[in-house]
Amino acid sequence: MRPIRVRFAPSPTGALHIGGIRTALYNYLFAKQKGGTFIIRIEDTDQSRYVPGAEEYILKSLEWLGLQADEGPTQGGAFGPYRQSERKSTYHEYALKLVDQGHAYYAFDSAEELEAMRQRLMSPENPMPKYDFDSRDQMKNSLNLSLDEVQNLLQKNTAHVIRLKVPKGETVKITDQVRGEVSFSTQELDDKILIKSDGMPTYHMANVIDDRLMQISHVIRGEEWLSSTAHHVLLYRYFGWEAEMPEFAHLPLILKPEGNGKLSKRDGAKFGFPVFPMDWKTEEGEVFLGFKEAGFLQEGLINFLVLLGWNPGDDRELFTLEELVDSFSLEKIVKSGARFDFAKAKWFNAHYIQQLEESRAVEIIHSIFEKHGVILTPHQAMLTFKMYRERAVVLTDFYHSGKFIVLKPDKADEEFKTKKWKPEWSDPFLKLSEQMNQLDNFEKTSLEPLLKEFMQTHGLKMGELLPSLRVMISGIPMGPDVYMMLESLGKQETIERIKEGVVKLKH
RNA sequence: GCCCCGUUCGUCUAUCGGUUAGGACACAAGAUUUUCAUUCUUGUAAGAGGGGUUCGACUCCCCUACGGGGUACCA
């Protein structure tokens, strides 16, 4: 069996959304399971759509998720360069071979001439005329022009492309690892451009050449490529590489939540959830929210994504990356598109937050508070984790819920204030704060008897005392164990907040 | 339009001819809990439609419907 080599080949035309991340994930898992090589190749053949920073963004995202590449633009490798723009001459060389063999030809048609052809051939039955077996006879290409004319045009540096000469009346069969046998009639295929007039190859050309040259064994990519795979097979055939052609696996698409259409970058803002791994700022200054900044753990995102289109074949749902490497299989990839379900993504994340190791949690919580300009002591971070690990769905919840530990509440919960709080409790609470001041140690063991006694003497119930205290110290009546909250604040701060709280609760 | 792919609970999915069609999320109810969560228990909920093949189809075949992808000098 040949060595397993797979590639993830993003185009730096913007941020990579989670559909791309999932493709990268599946490639990574497959490679690692088989002891193969995971390669990153940057497909930057469209100069007009090139976006500065996009490549860096893509690489950073993969790094954040732990999808380490074995070969790629940053780490290099024996099959580089790994940026297609740096391989330009290679593609041209191969295209010329095809021209020599009669499997490709020069075409000199201008954009206007192309448009004219479409207009001419357009009809209700044929709304999108192709440059193909039928129409190429009427076009300005080396199939119709004399050799002299072609030489002349070429010598004058006339803008031209190189097109694949698709044969008529053949059937191209491919065996897809996910979908089984799929066949296409060459009748339906257009004469795809291989080399654009700027000298850059198209995706179709570049991917075939590179996959062969990089000895790719399996092409695992999105379903949007299934249709053009027939063209790719033709290229492998004409290059004489059909025996070494990689296996194909076309992944189902990730759909919008309502299921109509594939998920796109605008959907995040539209539905209120991230579709990108990390924040992405466009050149125009538009910001797209990322899973990372939204408070997702990489293991949560990965676990959520991997199940969108794959399953282990049994009832397991929770997987670490390592476990996925063991369990993953191309055979269990689902054929139909999967809708993006943010509720499930959150559930996975909440689960992994609960599983978080304390030292890592402390670090994470510290950095989240730091982003808000608040520096927590390790002890405070640890307390925050203990108080909210079972309540946090996203990491940012630790800040929003736990910030009371360093920030005084700006106001008392309105509903509690009007419906639950009784003005006559004010004095007793002030007295309580004084009693607290007498305490030697400010811990649950000493606090609990004090509060119990307080309830008895003033005829308060648990459900009245505890929420009141929470509102005074944090602003809201819900939250973790009160004693833990009090402890986390410490004696002086607690006393201060009770005094201020009584004021805030005044009707 | 044409080509390709798909279609099981609201969602993600299991089932590779014989099951009370299973699990998870979400939702609902209950238990635990000082509150909110967590946790636990229980519940509601599915094979697009029509033809075949077969002793027997969710499962195989065909048609229709619906959904998705493609149809660029974009990837």
Side-chain angles (χ1 to χ4, degrees), chain A residues 9-13 43-46 48-49 107 109-111 114 118 122-131 159-163 176 178-180 182-185 187-190 192-204 206-207 221-230 250 252-253 255 257-262 304 307-318 331-332 334-348 350 354 387-393 397 401 416 451 455 461-467 469-470 476-483:
Chain A
S11 179
T13 54
E43 310 232 330
D44 54 351
T45 54
D46 187 351
S48 66
R49 291 209 306 157
D109 315 274
S110 66
L114 251 23
R118 290 194 188 102
M122 203 184 295
S123 69
E125 297 76 41
N126 186 15
M128 290 183 175
K130 296 189 289 282
Y131 201 119
H160 66 276
V161 301
I162 297 177
R163 283 182 184 268
D176 188 273
V178 174
R179 282 146 221 284
V182 182
S183 58
F184 297 87
S185 163
Q187 221 83 232
E188 308 295 335
L189 274 31
D190 66 334
K192 279 257 179 300
I193 289 176
L194 266 19
I195 303 289
K196 300 184 266 189
S197 58
D198 66 358
M200 278 292 194
T202 55
Y203 170 84
H204 308 292
N207 109 25
R221 82 231 295 190
E223 194 191 341
E224 67 266 33
W225 296 111
L226 185 56
S227 301
S228 53
T229 306
H250 287 94
L253 267 16
L255 276 18
E258 335 86 280
N260 52 338
K262 61 174 172 176
F304 164 65
L307 258 15
L308 238 43
W310 172 85
N311 71 80
D314 52 45
D315 284 346
R316 288 176 299 158
E317 307 233 46
L318 267 5
E331 300 76 55
K332 300 302 286 181
V334 178
K335 294 179 179 65
S336 48
R339 291 183 206 187
F340 184 91
D341 180 10
F342 193 50
K344 195 142 190 177
K346 287 194 285 194
W347 179 80
F348 276 115
Q354 287 184 39
M387 286 189 281
Y388 293 100
R389 76 185 301 171
E390 260 138 34
R391 274 159 255 263
V393 172
D397 288 343
S401 304
F416 179 84
L451 291 188
M455 283 194 294
K461 286 181 251 171
M462 280 285 227
E464 295 173 330
L465 193 230
L466 273 10
L469 277 175
R470 280 205 191 85
I476 54 170
M478 299 99 73
D481 180 65
V482 182
Y483 300 107

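No hydrogens, no waters, no symmetry mates; every other heavy atom, side chains included, goes into these values. Order of the sequence lines fixes the chain letters, A, B, ..., with proteins taken first and strands second; residue numbering starts at 1 for each chain.
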With sequence neighbours left out, what residues match [X] under side chain to side chain contact (heavy atoms under 4.5 Å, CB included)?
X	result
S183(A)	T171(A), K173(A)
A230(A)	V172(A), F184(A), L189(A)
P467(A)	F416(A), P477(A)
K344(A)	F304(A), E317(A), D341(A), F348(A)

Integer angstrom distance from the [atom1] of [N] to that of [M]:
N	M	atom1	result
rG43(B)	rG22(B)	P	11 Å
rU11(B)	rG18(B)	P	26 Å
rG1(B)	rU15(B)	P	34 Å
rC27(B)	rC63(B)	C1'	38 Å
rA57(B)	rU71(B)	P	42 Å

Where the side chain of [X] is defined as all heavy atoms beyond and including C-beta, which of [options] is the nearest nucleotide?
X	options	answer
M128(A)	rU71(B), rC74(B), rC25(B)	rU71(B)
R118(A)	rC12(B), rC73(B), rA75(B)	rC73(B)
P127(A)	rG1(B), rU34(B), rC73(B)	rG1(B)
K332(A)	rU39(B), rG23(B), rA14(B)	rA14(B)
E390(A)	rG6(B), rU35(B), rA37(B)	rA37(B)
V334(A)	rA14(B), rU71(B), rA26(B)	rA14(B)

Phosphate OP1/OP2 of [N]: any [X] side-chain N/O under 4.0 Å:
X	N	value
N311(A)	rA14(B)	yes
K346(A)	rA26(B)	no
R316(A)	rA24(B)	no
R391(A)	rC36(B)	no
K192(A)	rG70(B)	no

With 3.5 Å as the limit, what N/O pairs link the protein to nucleotides 42-48 of chain B?
none

Subject >> Close side-chain approach of D176(A) to L226(A), heavy-atom, < 4.5 Å >> reply: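 Yes, their side chains come closer than 4.5 Å.
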Original post:
Is any side-chain heavy atom of D46(A) less than 4.5 Å from a side-chain heavy atom of M200(A)?
Top reply: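 D46(A) does not reach M200(A) side chain to side chain.
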Whole angstroms only, please: what is the [atom1]-[atom2] distance between [X] and [N]?
X	N	atom1	atom2	answer
L194(A)	rC74(B)	CG	P	13 Å
D314(A)	rU13(B)	CG	C1'	12 Å
I476(A)	rU34(B)	CD1	C1'	15 Å
L465(A)	rU34(B)	CG	C1'	9 Å
D341(A)	rG10(B)	CG	P	14 Å
L469(A)	rU34(B)	CG	P	16 Å

Between the side-chain atoms of [X] and the base atoms of [N], is any donor-acceptor pair under 3.5 Å?
X	N	answer
K344(A)	rA24(B)	yes
R49(A)	rC74(B)	yes
S228(A)	rG70(B)	no

Subject >> Complementary nucleotide for rA37(B) - Watson-Crick or wobble, under 3.5 Å >> reply: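 Partner of rA37(B): none.
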**OP:** Apply side-chain hydrogen bond (donor to acceptor under 3.5 Å, both in side chains) to E464(A) and list each qualifying residue two or more places apart in sequence or on a separate chain.
**Re:**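 So E464(A) forms no side-chain hydrogen bond (donor to acceptor under 3.5 Å, both in side chains) with any residue.
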Original post:
Mind checking what makes side-chain hydrogen bond (donor to acceptor under 3.5 Å, both in side chains) contact with S197(A), not counting sequence neighbours?
Top reply: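 side-chain hydrogen bond (donor to acceptor under 3.5 Å, both in side chains) check on S197(A) returns nothing, list empty.
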Subject >> By salt bridge (Lys or Arg N to Asp or Glu O under 4.0 Å) - contacts of R179(A) (at least two apart) >> reply: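 Salt bridge (Lys or Arg N to Asp or Glu O under 4.0 Å) check on R179(A) returns E223(A).
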Original post:
Is any side-chain N of the basic residue among R316(A) and D314(A) closer than 4.0 Å to the acidic one's carboxylate O?
Top reply: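 Yes, R316(A) and D314(A) are salt-bridged.
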Subject >> Partner set under ring-ring contact (aromatic ring centres under 6.0 Å, His included) for W225(A), not counting sequence neighbours >> reply: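 Result, ring-ring contact (aromatic ring centres under 6.0 Å, His included) vs W225(A): Y203(A).
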Original post:
Who passes ring-ring contact (aromatic ring centres under 6.0 Å, His included) against H160(A), sequence neighbours left out?
Top reply: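 Testing H160(A) for ring-ring contact (aromatic ring centres under 6.0 Å, His included), a comparison that skips the adjacent residues, returns Y106(A), F108(A).
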Subject >> Partner of P201(A) under side chain to side chain contact (heavy atoms under 4.5 Å, CB included), chosen from N207(A), I162(A), T45(A) >> reply: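 It is T45(A), the one option of N207(A), I162(A), T45(A) that forms the side chain to side chain contact (heavy atoms under 4.5 Å, CB included) with P201(A).
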Distances for protein N or O near nucleotides 60-68 of chain B N or O, under 3.5 Å:
unit_1, atom_1, unit_2, atom_2, d
rG68(B), OP1, G261(A), N, 3.3

**OP:** Assign a letter to each nucleotide of nucleotides 27-33 of chain B from its 5' end: B, base within under 4.0 Å of a protein heavy atom; S, sugar-phosphate only; -, no contact.
**Re:** -------
